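Below is one structure; the comments refer to it alone.
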Amino acid sequence: MIEKGGYIRDIFQKPVGTSVTAYGWVKTRRDSKGVHFIQLNDGSCFQDLQIVIDAGTLPEDVLSQATTGACLRVGGELVESPGAGQSVELKAREMHVYGPADPQTYPLQKKGHTMEFLREIAHLRTRSNTFGAVFRVRNALSFAIHKFFQERGFLYLNAPIITTSDAEGAGAMFGVTTLDLMNLPRTETGEIDYDRDFFGKKAGLTVSGQLEAEIFALAFSNVYTFGPTFRAENSNTPRHLAEFWMIEPEMAFYDLEDNRKLAEEFLKYIIAYVLDTCAADLELFNKRIDNTVLSTLVHVAGSDFEHVTYTEAIAILEKAGRAWEFPVHWGVDLQSEHERYLTEETFKKPVVVTDYPREIKAFYMRLNDDEKTVRAMDVLAPRIGEIIGGSQREERYDVLLNKIRAQGLPEEAYWWYLELRKYGTAPHAGFGLGLERMLMYVTGMKNIRDVIPSHPWLRRVLNRRKPHPMRALL
RNA sequence: UCCCCGUUAGCUCAGCGGCAGAGCACUCGGCUGUUAACUGAGGUGUCAGUGGUUCGAAUCCACUACGGGGAGCCA
């Protein structure tokens, strides 16, 4: 139990001469003839507390157990440090070893490790400098997100995680069932009989909270969701996860312009918050992971995003004189190579692209008067690609119904979505931000698997498992 | 899902048909205050697995497993 003010980050704020007790894990240890140094970290801040032990102060059997990885309690006096790396240090009087760590087998070394190796020891990587910083920034980012919306009066909405809505078109859903998979009930026509399942119909994990957010926006005006989302897509890239966290604000009386401005204000706000509160952590990323991170964040927080329409973006790409792997002409969706060109070469900062062709975007996006484009927007970030996707929603009942029918979607499944337009409809808009993608952008981390709290025994949960050879026989 | 690349000591990697290697970590020692300390010495192996080619395989071939990159899809 850590008493108030017991975190190492608080100890740094105390005056020299104070008697303090520090708790934490040994990061490194250095020994000289007459003095021992231990770097102690409790995760509360990037800076380690340097413990100084004069030879003979502590019993040898205690000191010998205080090796890299061990968990300690150290009592002593906070003193000015004559060394260069820190202003104060803890001169030890008393030490207790909660948990030793055998140096011969403890996998974390003082030297740098590859991310691939650290991923295999996901239960210990949290004690490394890099992952300490990742999860402190993730925490700050999450807090900043709530702060931004709460300051603006948005209602925080917990969208359901299990859903029986088959109207969500964002991606493949993980099934949720209590049926006996070895003995599935069948209907007369041989289909799986979901009437006999737990919810009486086919259920799955949510792929988006947007439709729920629309329900709430048309009652509470401005709302946002912030929660886990699941996609059973067979995506295997450093930018995709099967489970990730998404922030989805939805605003009544907002058009696409308002939506775009809010998205920009939002991104700048959370970046500024992290710059303000996680300076030491960001310096680590800048030094060890990507030496452009800090300057990029400062630049983005202080400058205006670019805005181009899809049509303008296509014109830029056509004039680029590149041999695109995917040829560019009006009507095609933007590919990774196109997004990268726009963000990394043309503008060198986040770019908002709006008004895409209706054919390549979802049915619920509001049709423009030209009847060719819809009020969609993507915020593209250098290196990450699409970080935000959003749109002004189609609020006109007849237009929405026609689009549902034209796309061959099951009209009956959208009855409630249509009723939102039938009774008291309002113009509204919203967007979705992937928390992990934002975290990648802020930290410079190159693989999305390194910004999530995963467990060693679930290491592969976030990757799709390769098909088992026996599967062909089933 | 498709296309590439990889798997050798705890970690990072070299070796690419003929004795299993280096740096770091680790162990023991030296050093009056170190900052991923410095410094001397020392031990470290299912060469991912299975099968094949060969007098001989870490090395060549096949399959499997796992990891990484790129693409598609998207956040």
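In what follows, chains are A, B, ... by sequence order, proteins preceding strands, each numbered from 1. What you are looking at is a predicted structure, and each value in this text was computed from that prediction instead of being measured.
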Next on the checklist: Taking Asp450(A) first and then Arg125(A), would you say they form a salt bridge - that is, a charged N and a carboxylate O separated by under 4.0 Å?
Outcome noted: yes
Item to check | Arg393(A) bridged to Glu250(A) by N-O distance under 4.0 Å | outcome: yes
Checklist outcome for this item: Between Asp31(A) and Glu80(A), whichever has its closest RNA chain B nucleotide further toward 5' is Glu80(A)
Checklist entry - Relative to the 5' end of RNA chain B, which residue comes earlier, Leu108(A) or Arg29(A), by the nucleotide with the nearest heavy atom? => result Leu108(A)
Any donor-acceptor N/O pair, [X] side chain to [Y] backbone, under 3.5 Å:
X         : Y         : answer
Arg358(A) : Leu367(A) : no
Glu312(A) : Thr309(A) : yes
Thr206(A) : Ser208(A) : yes
Arg437(A) : Arg239(A) : yes
Lys403(A) : Met365(A) : yes
Asp355(A) : Thr373(A) : no

Please work out if [X] contacts a base, only the sugar-phosphate, or nothing of the nucleic acid, heavy-atom cut-off 4.0 Å.
X         : answer
Ile387(A) : sugar-phosphate
Leu435(A) : nothing
Glu337(A) : nothing
Tyr441(A) : nothing

Give the rounded distance in Å between these two atoms: [atom1] of [X] and [atom2] of [N].
X         : N       : atom1 : atom2 : result
Phe266(A) : rA75(B) : CZ    : P     : 15 Å
Ile121(A) : rC66(B) : CD1   : P     : 21 Å
Gln210(A) : rC74(B) : CD    : P     : 14 Å
Ile452(A) : rA75(B) : CD1   : C1'   : 14 Å
Asn236(A) : rC3(B)  : CG    : P     : 14 Å
Phe230(A) : rC73(B) : CZ    : C1'   : 19 Å
Ile388(A) : rA75(B) : CD1   : P     : 11 Å
Leu439(A) : rA75(B) : CG    : P     : 18 Å

Minimum-distance nucleotide (side-chain atoms of [X] versus [options]):
X         : options                   : value
Pro103(A) : rC26(B), rG68(B), rU34(B) : rC26(B)
His240(A) : rA71(B), rC73(B), rG69(B) : rC73(B)
Gln39(A)  : rG68(B), rC73(B), rU35(B) : rU35(B)
Ser336(A) : rA75(B), rA71(B), rG69(B) : rA71(B)
Pro238(A) : rG69(B), rU35(B), rG33(B) : rG69(B)
Asn447(A) : rG68(B), rU35(B), rA75(B) : rG68(B)
Arg119(A) : rG67(B), rU27(B), rC74(B) : rG67(B)

Item to check | Test log, rule side chain to side chain donor-acceptor pair (under 3.5 Å), inputs His329(A) and Glu318(A) | outcome: CA-CA 7 Å; His329(A) 58 85; Glu318(A) 282 176 333; over 6 Å; no
Distance check, [atom1] atoms only: [N] and [M], in whole angstrom units.
N       : M       : atom1 : value
rA48(B) : rG68(B) : C1'   : 15 Å
rG52(B) : rA14(B) : P     : 29 Å
rG29(B) : rC66(B) : P     : 45 Å
rU32(B) : rC16(B) : P     : 46 Å
rA20(B) : rA9(B)  : P     : 15 Å
rG17(B) : rU59(B) : C1'   : 6 Å
rC4(B)  : rG21(B) : C1'   : 29 Å
rG40(B) : rG56(B) : P     : 45 Å

Checklist entry - Do Ile8(A) and Asp48(A) come close enough that some side-chain heavy atom pair is under 4.5 Å? => result no
Item to check | Side chains of Val52(A) and Val79(A) in contact at under 4.5 Å (non-hydrogen atoms) | outcome: no
Item to check | Side-chain donor/acceptor contact of Ser32(A) with base of rC31(B) under 3.5 Å | outcome: no
Checklist entry - Tyr269(A) ring centre to Arg152(A) NZ or CZ under 6.0 Å, with the angle to the axis within 45°? => result yes
Counting Watson-Crick and G-U wobble pairs only, both distances under 3.5 Å, name the nucleotide matched with [N], or none.
N       : answer
rG67(B) : rC5(B)
rC28(B) : rG40(B)
rA22(B) : rU12(B)
rC60(B) : rG52(B)

Distance check: side-chain N/O of [X] vs OP1/OP2 of [N], anything under 4.0 Å?
X         : N       : value
Arg449(A) : rG68(B) : yes
Arg30(A)  : rU34(B) : no
Thr28(A)  : rU35(B) : no

Next on the checklist: I'd like to check, for Phe37(A), whether its ring lies over the base of rG33(B) with centroids under 5.5 Å apart and a plane angle smaller than 30°.
Outcome noted: no
Checklist entry - Once you round to the nearest 0.5 Å, how far does OG of Ser87(A) lie from CD of Gln47(A)? => result 7.5 Å
Are there any protein N/O atoms within less than 3.5 Å of an N/O atom in nucleotides 8-11 of chain B, and if so, which ones and at what distance?
{"from": "rG10(B)", "atom 1": "N2", "to": "Gln109(A)", "atom 2": "OE1", "distance (Å)": "3.3"}
{"from": "rG10(B)", "atom 1": "N2", "to": "Gln109(A)", "atom 2": "NE2", "distance (Å)": "2.8"}
{"from": "rG10(B)", "atom 1": "N3", "to": "Gln109(A)", "atom 2": "NE2", "distance (Å)": "3.1"}

Next on the checklist: For RNA chain B, which residues of residues 81-91 of chain A approach it to below 4.0 angstrom with any heavy atom?
Outcome noted: Ser81(A), Pro82(A), Gly83(A), Ala84(A), Gly85(A), Gln86(A), Glu89(A), Lys91(A)
